[in-house]
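Working notes, beginning with the structure itself.
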Amino acid sequence: MADIIIENGTVLTMDPANEHTLKEGTVVIEDGLIKDISLSTNERADTVIDASGCVVMPGLINTHTHAGMTLLRGYADDMALNQWLEDNIWPVEAQMSDDDIYAGTLLACVEMIKSGTTSFADMYIHVEMVAKAVERSGMRAALSYGMIDFGDSIRADRELEEGKRFVKKWNGSADGRITTMYGPHAPNTCSEELLIRVREQAEHDNVKVHIHVLETEDELNQMKEQYGMCSVNMLDRIGFLDNNILAAHCIWLSGGDIEILRERKVNVSHNPVSNMKLGSGIAPVKELIDKGINVSLGTDGCASNNNLDMFEEMKTATLMQKVSKLDPSLVPADTVLKMGTSNGGRALGIKSGILKKGYNADVIIVDMNKPHLTPLYDPISHIVYSARGSDVRTTIVQGQILMDNYELKFLDENTVMEDARKAAADLIERVDIKRE
Ligand SMILES: CSC[C@H]1O[C@@H](n2cnc3c(O)ncnc32)[C@H](O)[C@@H]1O
Ligand SMILES: [Zn+2]
């Protein structure tokens with residue numbers, strides 16, 4: 001007896017080895033995994049979901065965010081990264097408590113489950129509370145403690161210790177839903193020494209590394225001044241780059257940098273909405289993809305986006321490339337859908353993002369019976385260009401139904417929102433008192 005059968009839906013497998021689109025397909029789920037994908041099944045299951053008029057597809061994978069930043073949604077807008085971080089975000093983060101991070105992360109999980117994201121890669125502070133919130137939510141996540149030393153060796157020791165402690169305690173926890181990474185913030189906020197130690201430690205612990213790379217022209221200039229070379233060259237010189245690196249942003253790349261990322265098989269997380277909002281620039285996504293580099297998608301935090309809707313991210317990713325080169329053929333819908341699903345699974349080293357036998361049962365059902373999704377010629381076109389997160393009807397992670405017919409099963413949405421509102425109000429009051 002299987003656990004769940006989803007039948008009568010249009011199944012987008014995202015499996016390169018299997019047909020991408022199955023009309024009226026059946027997905028069989030057992031023990032948290034996909035047991036079978038076919039046109040029909042003789043199996044019986046405890047739960048049978050009729051997905052008529054819906055698209056059944058892998059859950060979306062957000063490969064770069066800072067979930068706890070939901071508490072700072074709309075707190076500081078319309079400025080560039082440095083001013084935004086240094087004058088606004090970091091002073092508030094310095095006042096954040098464990099409870100704030102828990103409330104903010106739980107709110108992020110609610111938002112993600114409701115908009116069809118089943119896995120995310122996070123880098124943040126008070127990371128133990130991030131893990132506790134993820135554990136409770138039922139989501140899958142690759143979590144890292146965000147380390148910054150600004151060249152201070154005592155701070156570097158402390159940061160690395162915290163990162164190590166977290167990896168040791170949480171890697172593989174929550175029935176394998178939580179994996180961990182090391183999270184050195186960026187090449188211009190972490191010393192070369194810390195980066196070298198992080199790389200060694202990550203290899204020792206067999207975990208991946210999540211880092212911001214060349215997000216702004218300021219970073220490029222700062223690195224050239226400090227090291228006489230850009231971030232990618234510096235990271236390559238210290239032997240930092242390989243297939244276990246998840247590099248967020250990668251906007252200010254030269255042709256030579258792209259070649260290095262290709263050679264080292266680095267994974268790039270593209271964050272188009274945040275990049276546009278902070279006015280950081282346009283990543284050379286078409287060039288990266290043409291070189292065969294694995295490019296996935298992230299929202300970044302809620303203070304630079306200002307939501308966690310991966311449908312919006314997919315649409316923006318393709319539109320941004322088209323307009324930047326005045327070429328509507330660039331990064332077509334099926335490419336961007338891979339970026340939001342299978343490429344994300346590859347970047348995080350998890351068997352998610354593809355509906356295939358033996359893969360994690362991380363599945364979403366998108367309701368196509370909506371005016372803005374009518375008529376329906378091509379489901380992939382609609383998922384990328386017309387659908388929104390709010391069209392997701394059902395979200396399943398590791399074979400567990402987290403949202404059924406638009407209703408959350410394990411979290412009370414109103415309580416989570418109320419707790420987040422209270423936490424945000426108290427936080428900003430503390431920040432204001434400190435500033436006076
Ligand atoms: C030390 S934990 C992570 C750290 O990153 C900050 N952050 C959020 N968004 C961005 C971004 O786009 N570029 C660089 N840093 C960012 C976040 O506020 C935390 O302090
Ligand atoms: Zn970020």
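Counting convention: from 1, in listed order, for ligands and their atoms alike.
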The criterion is salt bridge (charged side-chain N to carboxylate O under 4.0 Å, His left out); which residues satisfy it with D309, sequence neighbours excluded? none
With sequence neighbours left out, the residues meeting side chain to side chain contact (heavy atoms under 4.5 Å, CB included) with E111 are T70, R73, C302, N307, L308
Determine, using heavy atoms of Y145 and all atoms of ligand 1, whether some pair is separated by less than 4.0 Å. no
Any idea how many protein N, O or S atoms are nearer than 2.8 Å to the Zn ion (ligand 2)? 4
Supply the atom-to-atom distance M14 CE to D334 CG, rounded to the nearest 0.5 angstrom. 7.5 Å
Below 3.5 angstrom, do we get any N/O pair linking Y124 and ligand 1? no
Distance alone, cut at 3.5 Å: any donor-acceptor contact between the side chains of Y406 and D367? yes
Nearest neighbour of atom 12 (O) of ligand 1 from the list I148, D300, L85, on a heavy-atom basis: D300
Judging by distance only, is a nitrogen or oxygen of S274 under 3.5 angstrom from one on ligand 1? no
Quick one: look at M123 and ligand 1, take heavy-atom pairs under 4.0 Å, and tell me if it's side chain, backbone, both or neither. both
Atom 17 (C) of ligand 1: which of E93, H64, E219 has the nearest heavy atom? E93
Just to verify, what does D87 make a side chain to side chain contact (heavy atoms under 4.5 Å, CB included) with, not counting sequence neighbours? Q83
Taking the side chain from T65 and the backbone from D300, do they hold a donor-acceptor pair closer than 3.5 Å? yes
Run the numbers on E159 and Y145 for side chain to side chain donor-acceptor pair (under 3.5 Å), then give the verdict. CA-CA 8 Å; E159 292 287 79; Y145 170 64; 2.5 Å; yes
How are the rings of H212 and H185 set relative to one another: parallel (under 30°), tilted (30 to 60°) or perpendicular (over 60°)? tilted
Examine the proximity of ligand 1 to N271 and report which part, side chain or backbone, both or neither, has a heavy atom under 4.0 Å away. neither
Would H64 and H249 count as a close aromatic pair, with their ring centres under 6.0 Å? yes
Look only at interatomic distance and state if W84 has a nitrogen or oxygen under 3.5 Å from any nitrogen or oxygen of ligand 1. no
